[in-house]
Amino acid sequence: MYSIRNKLNVSIITGMIVLLSAVAVFLYSRVVVQIEQVFDTALYDKAQGLISLTEFDEEGLEFDFAEEGVMLEFQTDESPQYYQLWQQRDELLIKSPSLGTTDLPSLNTPLGQHQYADLILQDGRAGRLIEINFMPRVEMDDEEDIDPADIPPVLPIILVYARERETLNTILFTIGTTISGAIIAVLIFSALLIRHLIGKGLAPLSNLARQVSAIDESRLAERLNQNGPQSIEIAPIEKQLN
């Protein structure tokens with residue numbers, strides 16, 4: 001009887017562990033995808049903001065975001081962000097003061113496209129970057145008499161923008177531990193409930209098993225039921241024959 005109860009408990013609880021684990025993995029993976037998409041969208045929007053402040057005119061390339069006192073997040077020592085721009089992949093145009101003497105990696109992104117990648121920032125933090133290969137906006141002064149031959153050719157520019165992703169990792173860790181804790185709590189509660197229900201459901205069978213084990217050759221006339229054994233009066237064989 002105990003083996004039947006244990007087998008039922010193990011089978012049901014094992015099935016619940018597998019099912020709930022699959023649900024937890026599915027939920028976590030979906031949440032991770034959505035949150036990372038939001039994070040990457042923020043990276044893309046910030047990079048597009050830098051691109052909008054990049055223009056090409058009769059004097060050459062201008063980067064309005066590089067002016068002193070503008071976009072302090074690229075100059076501060078507290079949780080800095082980073083940017084770097086190349087022309088033709090090998091000519092460094094400009095980079096953020098926060099980079100110092102280091103460089104951001106290049107992903108060889110085709111023109112008109114963008115890519116994301118994780119990296120370790122120069123201060124040791126986990127980071128994420130976006131690389132965009134674009135053509136700068138051309139702004140020429142029509143009032144000035146400029147010989148087109150004096151204007152340098154417009155070439156593609158590669159922008160790499162990076163920031164820390166530790167806040168994202170913290171959010172994902174919190175979500176993961178919350179889902180895991182909820183699954184464990186549900187499993188513990190379910191195991192106790194299943195154990196109670198199976199024990200209650202098998203109680204009549206356990207009672208019957210105890211009655212059967214108590215019967216010997218001197219008690220063959222007892223009737224088995226859920227309330228316990230009952231004696232049956234058996235008439236002598238002579239009376240039955242008459």
### Query
Would a distance-only check, ignoring hydrogens and angles, find a side-chain to backbone donor-acceptor pair under 3.5 Å from Arg137 to Ser52?
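Flag set: sc Arg137 to bb Ser52 pair under 3.5 Å.
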### Message
Closer than 3.5 angstrom, by distance alone: can the side chain of Ser98 be matched with the main-chain N or O of Pro80 as a donor-acceptor pair?
### Response
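Side chain of Ser98 to backbone of Pro80, a donor-acceptor pair under 3.5 Å: no, none is there.
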Do you know which two heavy atoms are closest between [X] and [Y], and how far apart they sit?
| X | Y | result |
| --- | --- | --- |
| Gln87 | Leu155 | NE2-CB, 3.7 Å |
| Leu85 | Phe63 | CD2-CE2, 3.7 Å |
| Ile179 | Ala24 | CG2-CB, 3.8 Å |
| Thr102 | Gln122 | OG1-OE1, 2.6 Å |
| Pro136 | Val154 | CG-CG1, 3.7 Å |

Sequence neighbours left out, what pairs pass salt bridge (charged side-chain N to carboxylate O under 4.0 Å, His left out) with at least one residue falling in [range]?
| range | result |
| --- | --- |
| residues 15-25 | none |
| residues 102-120 | Lys95-Asp103, Asp118-Arg128, Asp118-Arg165 |
| residues 41-52 | Lys46-Glu73 |

Rounded distance (nearest 0.5 Å) linking atom [atom1] of [X] with atom [atom2] of [Y]:
| X | Y | atom1 | atom2 | result |
| --- | --- | --- | --- | --- |
| Gln84 | Ser96 | CD | OG | 7.5 Å |
| Ile94 | Leu50 | CD1 | CG | 10.5 Å |
| Ser190 | Leu20 | OG | CG | 7.0 Å |
| Glu166 | Ile171 | CD | CD1 | 12.5 Å |

#### Entry: Cluster check Leu187, Ile184: I/L/V/M/F/W/Y, side chain < 4.5 angstrom
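Result: no, two separate clusters.
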#### Entry: Same cluster (ILVMFWY, side-chain, under 4.5 Å), Ile175 and Val25
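No.
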### Task
Check Leu93, Leu111, Ile132 against Ile157 for a side chain to side chain contact (heavy atoms under 4.5 Å, CB included) and give me the one that passes.
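It is Leu93, the one option of Leu93, Leu111, Ile132 that forms the side chain to side chain contact (heavy atoms under 4.5 Å, CB included) with Ile157.
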Residues sharing [X]'s hydrophobic cluster, by side-chain heavy-atom contacts under 4.5 Å among ILVMFWY, directly or via others?
| X | result |
| --- | --- |
| Ile120 | none |
| Leu104 | Tyr82, Trp86, Leu92, Leu99, Leu107, Leu119, Leu121, Leu129, Ile158, Val160 |
| Phe173 | none |

### Message
Apply side chain to side chain contact (heavy atoms under 4.5 Å, CB included) to residues Ile35 and Gln37 and explain how you reach the verdict.
### Response
CA-CA 5 Å; Ile35 292 179; Gln37 285 181 352; over 6 Å; no
### Query
Among all residues two or more places apart in sequence or in another chain, which pass the side chain to side chain donor-acceptor pair (under 3.5 Å) test with Gln115?
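With neighbours one apart ignored, the set is Thr109.
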### Query
For Ser79, what residues pass the side chain to side chain donor-acceptor pair (under 3.5 Å) criterion, not counting sequence neighbours?
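Ser79: side chain to side chain donor-acceptor pair (under 3.5 Å) contacts with Arg125.
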Check: [Y] and [X] side chains under 4.5 Å, non-hydrogen atoms:
| X | Y | result |
| --- | --- | --- |
| Thr54 | Glu62 | no |
| Ile130 | Asp40 | no |
| Glu36 | Val33 | no |

### Query
Does any pair with a residue in residues 10-47 pass ring pair (Phe, Tyr, Trp, His ring centres under 6.0 Å), and if so which ones, sequence neighbours excluded?
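Output for this query lists Tyr44-His114.
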#### Entry: Inter- and intrachain pairs under ring pair (Phe, Tyr, Trp, His ring centres under 6.0 Å), touching residues 175-195, at least two apart
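Applying ring pair (Phe, Tyr, Trp, His ring centres under 6.0 Å) to every pair that reaches into residues 175-195, excluding sequence neighbours, yields nothing.
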### Task
Please list, chain by chain and in numerical order, all residues satisfying side-chain contact (heavy atoms from CB on, under 4.5 Å) with Ser106, sequence neighbours excluded.
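side-chain contact (heavy atoms from CB on, under 4.5 Å) list for Ser106, sorted by chain: Arg89, Asn108, Glu131.
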### Query
Does Ser21 have any side-chain contact (heavy atoms from CB on, under 4.5 Å) partners at least two apart in sequence or in another chain, and if so, which?
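In terms of side-chain contact (heavy atoms from CB on, under 4.5 Å), with neighbours along the sequence ignored, Ser21 is linked to Ile17.
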